[in-house]
Amino acid sequence: MSKKLLRSVREYKRQTILTPVFVALEVLMEVLIPLLMANIIDIGIAQGDLGYIIRLGLVLVVLAMIALFFGAKAGQLGAVASAGYAKNLRHDIFYKVQDFSFGNIDHFSTSGLVTRLTTDITNVQMAFMFTIRLLARAPIMIILSLIMTMTISVPIALMLLVTIPILGGILLFIAKKAHPHFIKVFDEYDVLNNTVQENVNAARVVKAYVREDHENEKFGKISTIVFKLFTKAERIVAWNSPIMQFTIYAVVLIMVLIGGKSIINGTMLTGELTSVIVYAIQILSSLMMVTFVFVQIMIAEASTDRITEVIDEVPEMEDAKEAITDVANGDIDFDHVDFSYSGEGGNLSLKDVNLHIKSGQIVGVIGGTGSAKSTLVQLIPRLYDVTKGSVKVGGIDVRKYSLKALRDQVAVVLQKNVLFTGSIYENVRWGDENASDEEVQRVCKLAQADSFIQEFPAKYDTMIVEGGNNVSGGQKQRLCIARALLKKPKILILDDSTSAVDTKTDALIRQAFREEIPDTTKIIIAQRVSSVEDADVIIVMENGEINGIGTSEELLKTNAIYREVYESQVKGGADNE
């Protein structure tokens, strides 16, 4: 078990320590019981002493009840300790992920993180519980049972001493052979979960293109791989039981042979042989238990490595020691900015970008697919850090701000925005959890969302299902814009966020921006020229570089790319009419 992960035990240390203590007390009671049973047989039954049998019988009942109490207490404490450990692990991983930049998240697939938070932590939890209960129980049981056997029959004890390492070695060899297959399984689990997630998220597309058979086949292939890997591992582990059973029967036969001769020679009593057989079975069963725990630990080892990857991931962005918490205004400056998603030395997505945007301006960004429009604006709220150069907001390098303070003042409506399960009120209040109903309704009117909200029977109390799948694309975009507006940001970025609304609604939204939030810097990325035509300044992007800057009139005269797009959309649209 990783020491790093064991730090997550925290407030459950008491239960973790007490569990093996109660296990040890339970084992002590169980070891005494065969000895008393031997006395009942050899003294009480042999001498026909009913009183002695009743007295020892009552003692046996008391010991059994005490053992039951200790066992139940150990089980209760072990369950609390392991469940609490798993809860803390999930907490630590989830909170760590919250500190990740987009770059960190890019290192892990969504399905991979989900698997780590579910299957992997469950494996670690089970291994932890077995370790503090069964792994604590087995060595104590083996040692105490061997001591008791030694006091009764030295030859049988020696025979067990030889059997234990041989059987233990065989069982550990089996576990090690199965280990690589378990490691492979969890890598394939990521692929399986990703397949399911992708299919569910794209259910409408799958049905629209009648690709259910293809998706079933894809799922079937990966599911078969997981099945085969598990089958290989289980086939190997399956040898544990028959080898164990064979050893138990062989040992019992040898003990009966040795014990029978000893009884005939008068050096051992019948009850003593019975108790020795019980001790031997306890020893061998404990060995089996150790092997079972070892297999579980090896399964958890693969999960531990995967969890540790997330814990050890260093957030690419952290607040400076004396981070600035106040954003003066919405001025934005790009100073010789280069950016690569692969870091320094990688292919540049942005190349030597120089740009100044005044606070309160409406800025349009236009360009072809892959021209790095989205990349440009994602550097402003520091979703990624520049590879070279600097980005300044309010005259200060964004790396000097507190991330919370910066992002509170830079509202971004991304291309793929998500709504969460909850009412419309709750979704919009992501922008400001303390906003009143009136404030929520006001920003929804600015975003042209109020009209369709009023058509719902429950209006603003209408429940949004997971991902916002019960509203249209245009409705989702308008709710996301309202959510951003509620933050009252100094900078508002719309990354192609009105693509699903009609041109009239788009124009009304832009008009509301100009009239209601004049001091907010507004950056609008769009494919439609009409969405940016009235902007104070338009930036034309091509291959990660700024190809042109100016008003629509200026660019029509000086920039071939803008003129081509303008003519294809505006004149082309007019011709079609």
Side-chain angles (χ1 to χ4, degrees), residues 23-49 52-68 70-71 134-172 239-293:
V23 166
L25 293 172
E26 179 193 13
V27 170
L28 183 61
M29 297 300 106
E30 290 180 3
V31 168
L32 291 174
I33 287 173
L35 185 63
L36 294 178
M37 289 175 63
N39 288 337
I40 289 175
I41 294 171
D42 295 333
I43 298 174
I45 295 177
Q47 297 179 5
D49 189 342
Y52 183 84
I53 294 171
I54 292 172
R55 286 196 301 275
L56 279 194
L58 290 173
V59 173
L60 277 176
V61 171
V62 171
L63 287 178
M65 295 299 292
I66 294 173
L68 177 64
F70 287 146
L134 301 185
L135 203 58
R137 174 189 177 87
I140 299 171
M141 178 65 79
I142 291 172
I143 292 169
L144 291 181
S145 294
L146 266 176
I147 292 172
M148 298 302 291
T149 304
M150 191 75 73
T151 60
I152 298 171
S153 173
V154 174
I156 291 177
L158 292 174
M159 188 251 320
L160 290 173
L161 277 173
V162 173
T163 304
I164 289 171
I166 294 174
L167 178 61
I170 293 171
L171 296 179
L172 289 178
W239 281 95
N240 275 1
S241 184
I243 289 174
M244 191 69 207
Q245 294 298 323
F246 174 80
T247 305
I248 289 175
Y249 294 140
V251 166
V252 168
L253 286 173
I254 294 171
M255 283 193 299
V256 169
L257 178 63
I258 296 172
K261 288 183 178 180
S262 299
I263 290 172
I264 292 171
N265 295 331
T267 57
M268 181 184 285
L269 299 174
T270 304
E272 290 177 329
L273 177 59
T274 303
S275 63
V276 165
I277 291 173
V278 173
Y279 287 134
I281 292 173
Q282 286 178 338
I283 290 169
L284 297 175
S285 298
S286 297
L287 267 181
M288 183 72 172
M289 201 180 294
V290 169
T291 311
F292 173 73
V293 174

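- In terms of the side chain to side chain contact (heavy atoms under 4.5 Å, CB included) criterion, residue partners of A38 (sequence neighbours excluded) are, by chain and number, D42, S275.
- Between I281 and V251, the closest side-chain pair of non-hydrogen atoms is not below 4.5 Å.
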Side chain to side chain contact (heavy atoms under 4.5 Å, CB included) between I277 and L273, worked out: CA-CA 6 Å; I277 291 173; L273 177 59; 4.2 Å; yes
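- Distance check: I53 CD1 to I45 CD1 gives 5.0 Å after rounding to the nearest 0.5 Å.
- Within 6.0 Å of the CE atom in M159, the count of heavy atoms belonging to other residues, nucleotides or ligands exceeds 12.
- Under the salt bridge (Lys or Arg N to Asp or Glu O under 4.0 Å) criterion, the residue pairs touching residues 137-163 are E26-R137, E30-R137, with sequence neighbours excluded.
- Annotation: side chain to side chain donor-acceptor pair (under 3.5 Å) contacts of E272 (sequence neighbours excluded): none.
- In this structure, W239 CH2 and I170 CD1 are separated by 11.5 Å, a value rounded to the nearest 0.5 Å.
- Side-chain contact between F70 and M29 is present, with heavy atoms from C-beta onward closer than 4.5 Å.
- We find the CD1-CG distance between I54 and L60 to be 13.0 Å, quoted to the nearest 0.5 Å.
- Annotation for V276 and T149: closest pair CG1-CG2, 4.1 Å, computed over non-hydrogen atoms.
- Here P155 pairs with S153, I258 under the side chain to side chain contact (heavy atoms under 4.5 Å, CB included) rule; sequence neighbours left out.
- Rounding to the nearest 0.5 angstrom, the gap separating the CE atom in M255 from the CG atom in L253 is 9.0 Å.
- Note that CD1 of I140 and CG of L25 are 9.0 Å apart. Values are rounded to the nearest 0.5 Å.
- Residues satisfying the side chain to side chain contact (heavy atoms under 4.5 Å, CB included) criterion with I143, sequence neighbours excluded, are I147.
- Distance CD1/I156 to CG/L161: 12.5 Å, rounded to 0.5 Å.
- Legend: residues meeting side chain to side chain donor-acceptor pair (under 3.5 Å) with S145, ordered by chain and number and at least two apart, are Q282.
- The salt bridge (Lys or Arg N to Asp or Glu O under 4.0 Å) contacts involving residues 241-270 comprise nothing, where partners must be two or more places apart or lie in separate chains.
- Partners of M148 by side chain to side chain contact (heavy atoms under 4.5 Å, CB included), not counting sequence neighbours, listed by chain and number: V31, L35, Y279.
- Contact between T274 and I41 at its shortest, heavy atoms only, is OG1-CD1, 4.1 Å.
- Residues L146 and I164 have side chains in contact (heavy-atom distance under 4.5 Å, counting atoms from C-beta outward).
- Using a 4.5 Å heavy-atom cutoff, the side chains of I66 and V62 are in contact.
- Annotation: side chain of D49 is not in contact with side chain of I43 (no heavy-atom distance under 4.5 Å).
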